[in-house]
Amino acid sequence: MRRVVRQSKFRHVFGQAVKNDQCYDDIRVSRVTWDSSFCAVNPRFVAIIIEASGGGAFLVLPLHKTGRIDKSYPTVCGHTGPVLDIDWCPHNDQVIASGSEDCTVMVWQIPENGLTLSLTEPVVILEGHSKRVGIVAWHPTARNVLLSAGCDNAIIIWNVGTGEALINLDDMHVDMIYNVSWNRDGSLICTASKDKKVRVIDPRKQEIVAEKEKAHEGARPMRAIFLADGNVFTTGFSRMSERQLALWNPKNMQEPIALHEMDTSNGVLLPFYDPDTSIIYLCGKGDSSIRYFEITDESPYVHYLNTFSSKEPQRGMGYMPKRGLDVNKCEIARFFKLHERKCEPIIMTVPRKSDLFQDDLYPDTAGPEAALEAEEWFEGKNADPILISLKHGYIPGKNRDLKVVKKNILDSKPTANKKCDLTNVSKKTTDTTSVQNEAKLDEILKEIKSIKDTICNQDERISKLEQQMAKIAA
């Protein structure tokens with residue numbers, strides 16, 4: 001029988017590395033032995049974790065700042081230990097969070113045109129983990145909600161706007177957490193852990209909704225991410241150390257929907273998912289290739305599309321959100337591949353003859369506007385991402401500055417519920433801030449008074465001049 005090839009518009013995705021002068025050169029990429037991507041990208045900036053003496057640092061470069069990066073280029077360097085993970089806020093292209101070996105999470109506001117001086121003062125420091133923080137992930141639809149996970153096996157969800165830890169999941173994982181992923185509307189998270197379990201958790205009810213023991217039999221690290229339809233996609237290793245990928249339905253985790261063996265390399269597979277096109281890109285640490293698969297409703301559910309190969313192995317990988325792509329060139333993905341000393345963008349396109357906007361490649365995608373405020377989400381509301389069209393390309397709007405209003409620790413009455421009792425989370429709210437605020441308020445009131453006085457004087461003067469004019473006219 002003749003085998004029928006499955007139809008897909010993504011069968012011929014064409015990957016190409018950019019020319020040398022469009023790379024970011026002479027960057028000392030971090031050598032920390034941690035399985036994060038070391039790179040985070042948005043439509044304005046690329047951020048890369050680098051080697052730094054005396055603490056942890058990362059570079060933040062405007063996208064157009066290609067070529068050789070000077071050794072004295074300013075960095076973000078407030079951590080006292082190596083930085084392990086970074087994540088750009090999806091609702092503000094100038095705000096980035098970082099987790100570090102110094103047990104803290106810091107949130108930074110990057111100036112609109114990039115750094116001119118090294119940044120050492122974060123907008124807020126989030127302290128609550130007792131061991132190093134290896135994962136930070138912003139909520140996809142609620143403003144100022146940030147999740148962090150540490151080697152203390154705890155997951156903390158913060159309201160960055162007040163600097164408070166509002167949810168602490170410290171008794172759900174008995175071993176190291178490899179990764180955490182939010183679902184599409186941010187109502188659930190899924191985690192992969194060293195105990196070989198994949199868990200689906202409702203963070204606000206603080207309960208495990210579903211879990212699968214030995215999702216992958218091998219001892220090496222796994223990854224688990226949510227797909228747009230609510231299924232969970234995992235990568236891991238078999239007992240024979242072969243790399244595997246699997247698809248699970250959280251409502252029934254007994255057997256995977258699909259399970260595929262890939263190869264026998266030992267690099268951890270980092271999955272990057274595009275919810276608009278249902279394509280998953282797998283980048284293995286230490287590999288020199290990016291494999292991509294399409295997820296559909298028909299067997300075998302996970303369809304291999306193609307592989308992009310290059311010569312150099314990758315140390316890490318950044319993935320551009322959809323709104324940062326060039327729709328005129330039919331670009332459906334852009335990766336920022338980290339080498340030992342440089343960062344090389346790789347552009348994935350679907351070749352088309354027409355120059356017109358290809359709406360089948362670009363369905364409406366998640367925009368930068370938050371669908372909920374932090375307080376609404378913590379109260380139990382859910383909302384899907386607010387979608388935007390890319391028909392005329394994405395024009396970045398003006399980002400509002402991140403302001404942190406810390407609540408007075410004396411105002412919060414202790415709650416009887418142990419789960420909500422977060423007294424172990426140290427809250428650095430000092431009286432100095434309120435004193436400073438009062439002084440500022442006095443200053444503003446004085447200024448308003450002087451402006452009012454000036455207006456009264458001017459009114460008197462105007463009426464006198466009008467009287468004089470009337471006399472002259474008479």
Side-chain angles (χ1 to χ4, degrees), residues 29-40 47-52 55-58 76-89 96-108 122 125-139 145-158 160 165 167-182 189-199 201 203 219-226 234-237 267-272 283-286 314-319 338 425:
V29 176
S30 174
R31 295 175 178 278
V32 177
T33 52
W34 185 254
D35 288 320
S36 84
S37 57
F38 288 162
C39 183
I48 301 161
I49 303 174
I50 55 168
E51 278 291 293
F58 58 95
V76 180
C77 51
H79 284 286
T80 54
V83 177
L84 299 178
D85 197 20
I86 48 179
D87 193 30
W88 286 106
C89 175
I96 188 168
S98 56
S100 163
E101 272 189 22
D102 64 12
C103 308
T104 65
V105 176
M106 293 186 181
V107 179
W108 310 84
I125 301 175
L126 306 173
E127 295 179 303
H129 286 284
S130 57
K131 291 189 180 172
R132 59 186 184 165
V133 182
I135 299 162
V136 286
W138 291 93
H139 192 285
V145 176
L146 178 68
L147 174 151
S148 62
C151 291
D152 49 4
N153 307 337
I155 292 173
I156 299 180
I157 300 177
W158 309 83
V160 176
I167 296 170
N168 191 350
L169 310 173
D170 56 359
D171 54 358
M172 295 192 175
H173 296 84
V174 293
D175 217 329
M176 191 161 83
I177 302 163
Y178 286 137
N179 89 303
V180 182
S181 165
W182 292 98
I189 55 175
C190 70
T191 66
S193 167
K194 196 174 182 179
D195 59 10
K196 300 183 187 175
K197 282 187 183 179
V198 169
R199 297 171 174 84
I201 298 167
R220 291 191 53 73
M222 300 192 300
R223 284 283 186 276
I225 59 169
F226 264 116
T234 61
T235 64
F237 292 79
V268 177
L269 286 167
L270 305 176
F272 296 95
C283 309
K285 273 215 155 180
Q314 55 232 17
R315 295 278 298 278
M317 194 68 82
Y319 178 64
L338 299 185
V425 178

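What you are looking at is a predicted structure, and each value in this text was computed from that prediction instead of being measured.
- Contact annotation: the side chain of D102 approaches that of H79 to within less than 4.5 Å [non-hydrogen atoms, C-beta and beyond].
- Here the shortest heavy-atom pairing between L146 and A97 reads CD2-CB, 3.8 Å.
- Put simply, the residue from K197, H173, R199 that forms a side-chain hydrogen bond (donor to acceptor under 3.5 Å, both in side chains) with T191 is H173.
- Within the 4.5 Å cutoff, side-chain heavy atoms of V107 are placed close to those of W138.
- With values rounded to the nearest 0.5 angstrom, N179 atom CG is found 11.0 Å from S37 atom OG.
- Contact annotation: the side chain of M106 never approaches that of S100 to less than 4.5 Å [non-hydrogen atoms, C-beta and beyond].
- A219 approaches Y178 most closely through the heavy-atom pair O-OH, 4.1 Å.
- Atoms CD1 and CD1, from I157 and I167 in turn, are 4.5 Å apart once rounded to the nearest 0.5 Å.
- Counting only heavy atoms from C-beta outward, the side chains of S130 and D152 approach each other to under 4.5 Å.
- A heavy-atom distance below 4.5 Å is found between the side chains of R220 and V268.
- The aromatic rings of F272 and Y319 are tilted relative to each other, their planes meeting at an angle between 30° and 60°.
- From C39, atom SG reaches atom CZ of R315 across 12.5 Å, with rounding to the nearest 0.5 Å.
- Under a 3.5 Å cut-off, the side chain of S36 and the backbone N or O of D85 do not form any donor-acceptor pair.
- By the ring pair (Phe, Tyr, Trp, His ring centres under 6.0 Å) test, H129 pairs with no residue at all, sequence neighbours left out.
- With values rounded to the nearest 0.5 angstrom, I155 atom CD1 is found 11.0 Å from D171 atom CG.
- Partners of W34 under the ring pair (Phe, Tyr, Trp, His ring centres under 6.0 Å) rule, at least two apart in sequence or in another chain, do not exist in this structure.
- No side-chain heavy atom of F38 sits under 4.5 Å from any side-chain heavy atom of Q314.
- Applying the salt bridge (Lys or Arg N to Asp or Glu O under 4.0 Å) test to pairs two or more places apart or on separate chains, those with a residue in residues 29-39 are R31-E340.
- Counting heavy-atom neighbours within 6.0 Å of K194 NZ, excluding the residue itself, gives a total of 12 or less.
- Inter-residue side-chain proximity for L126 and V133 is flagged as unmet; no heavy-atom pair is nearer than 4.5 Å.
- Inter-residue side-chain proximity for M176 and C151 is flagged as met; some heavy-atom pair is nearer than 4.5 Å.
- With values rounded to the nearest 0.5 angstrom, F58 atom CZ is found 12.0 Å from L84 atom CG.
- For the pair P203 and I189, the tightest heavy-atom approach, listed with the atom from each and the gap, is CD-N, 4.3 Å.
- Atom CD1 of I49 sits about 4.5 Å away from atom CD1 of I86, to the nearest 0.5 Å.
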